[in-house]
Each structure stands twice: as C-alpha cells, then as structure tokens.
A.B. asks: 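For reference, the structure I am asking about is given below.
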Amino acid sequence: GSTAYDQSGGVACDAGGNTFVSGTAAGSIQGQSLTGVQDAFIAKFNSSGSLLWLKFLGSTMQTANTAVAVDSAGNPVIVGLVKGTLPGQTTLGNYDFFVANF
C-alpha cells in the first residue's frame with residue numbers, strides 16, 4: 001500500500017494460480033504515481049505470492065475500483081467509478097462507471 005488511504009476492491013484468481021488484487025489508492029505504490037487524487041489499481045501475484053506487475057488507472061480527479069474478475073482468457077477486468085476523464089474517454093456526468101481490461 002501507500003502512505004495514504006488505500007482500499008481493496010476485490011480479489012480474483014486465474015486458472016494458472018495467479019491472484020489479482022484490485023482497489024483504490026490515494027498515494028504512490030511500488031513506483032506507480034497517481035494521476036489524480038485517487039486512482040484505481042490492479043496487481044498480479046504468482047502462485048508463490050510474488051508481485052508480477054502493478055498498474056494504476058486514473059483520471060485527473062478520482063477513480064475508484066469496486067470489483068475485479070478474470071475473463072475466459074485469464075485477463076483481469078476491473079470496474080468502478082470515475083470523476084473526471086480517463087485517458088481516451090469522454091466524461092458524461094458527475095460520476096461515470098468504467099470497465100477496464102488488462
């Protein structure tokens with residue numbers, strides 16, 4: 001976690017025994033810097049518990065992750081709420097939902 005407020009959004013496993021942990025962070029984690037005030041994150045751990053990778057997804061304001069799942073190809077998918085604009089997207093309201101594949 002970071003030195004700021006962090007929250008888990010969920011945990012999912014793939015067929016190979018890897019674990020995906022998702023959530024929301026209000027500070028940098030493992031060298032990943034925030035885009036906004038809070039960003040969503042997804043981390044992949046192998047079956048031994050070693051971190052394989054960590055990625056942030058954020059808008060200029062607030063991005064909160066609420067769940068994670070693994071698709072049929074073993075790729076993690078996260079969903080959540082965003083206030084502000086995600087890269088390559090358009091804001092439609094005060095808070096919008098997002099679905100992101102990794």
A.B. asks: First locate atom NZ of K83, then atom OG1 of T60, and finally report the distance between them rounded to the nearest 0.5 Å.
C.D. replies: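 One gets 10.5 Å once the value is rounded to the nearest 0.5 Å.
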A.B. asks: One pair to check against side chain to side chain contact (heavy atoms under 4.5 Å, CB included): I29 and F56. What are the steps and the verdict?
C.D. replies: CA-CA 9 Å; I29 301 174; F56 271 31; 4.0 Å; yes
A.B. asks: Any idea which heavy atoms bring V68 and P76 closest together, and the distance?
C.D. replies: CG2-CB, 4.5 Å
A.B. asks: Applying side chain to side chain donor-acceptor pair (under 3.5 Å), name anything that partners Q7, two or more places apart in sequence or on another chain.
C.D. replies: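 Y5.
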A.B. asks: Checking side-chain contact (heavy atoms from CB on, under 4.5 Å) against F20, which of D14, I78, V11 comes through?
C.D. replies: D14
A.B. asks: Would you please name every residue forming a side chain to side chain contact (heavy atoms under 4.5 Å, CB included) with A43, sequence neighbours left out?
C.D. replies: F45, L51, L54
A.B. asks: With sequence neighbours left out, write down each residue that passes side chain to side chain contact (heavy atoms under 4.5 Å, CB included) with V37, or none if nothing qualifies.
C.D. replies: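 V37 satisfies side chain to side chain contact (heavy atoms under 4.5 Å, CB included) with no residue once adjacent residues are dropped.
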A.B. asks: For N46, what residues pass the side chain to side chain contact (heavy atoms under 4.5 Å, CB included) criterion, not counting sequence neighbours?
C.D. replies: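 N18, S48, S50, L52.
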A.B. asks: Under 3.5 Å, which donor-acceptor pairs do the side chains of residues 94-102 form with other protein atoms, sequence neighbours left out?
C.D. replies:
| residue | atom | partner | partner atom | Å |
| --- | --- | --- | --- | --- |
| Y95 | OH | Q62 | OE1 | 3.0 |
| D96 | OD1 | G93 | N | 3.2 |
| D96 | OD2 | L92 | N | 2.9 |

A.B. asks: Just grab all the side chain to side chain donor-acceptor pair (under 3.5 Å) pairs involving residues 19-31, residues at least two apart or on different chains.
C.D. replies: S22-N65
A.B. asks: Transitively linked via ILVMFWY side-chain contacts under 4.5 Å: V70 with I42?
C.D. replies: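 The answer is yes; both residues are in one hydrophobic cluster.
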A.B. asks: Could you list the residues that satisfy side chain to side chain contact (heavy atoms under 4.5 Å, CB included) with A73, not counting sequence neighbours?
C.D. replies: D71, N75
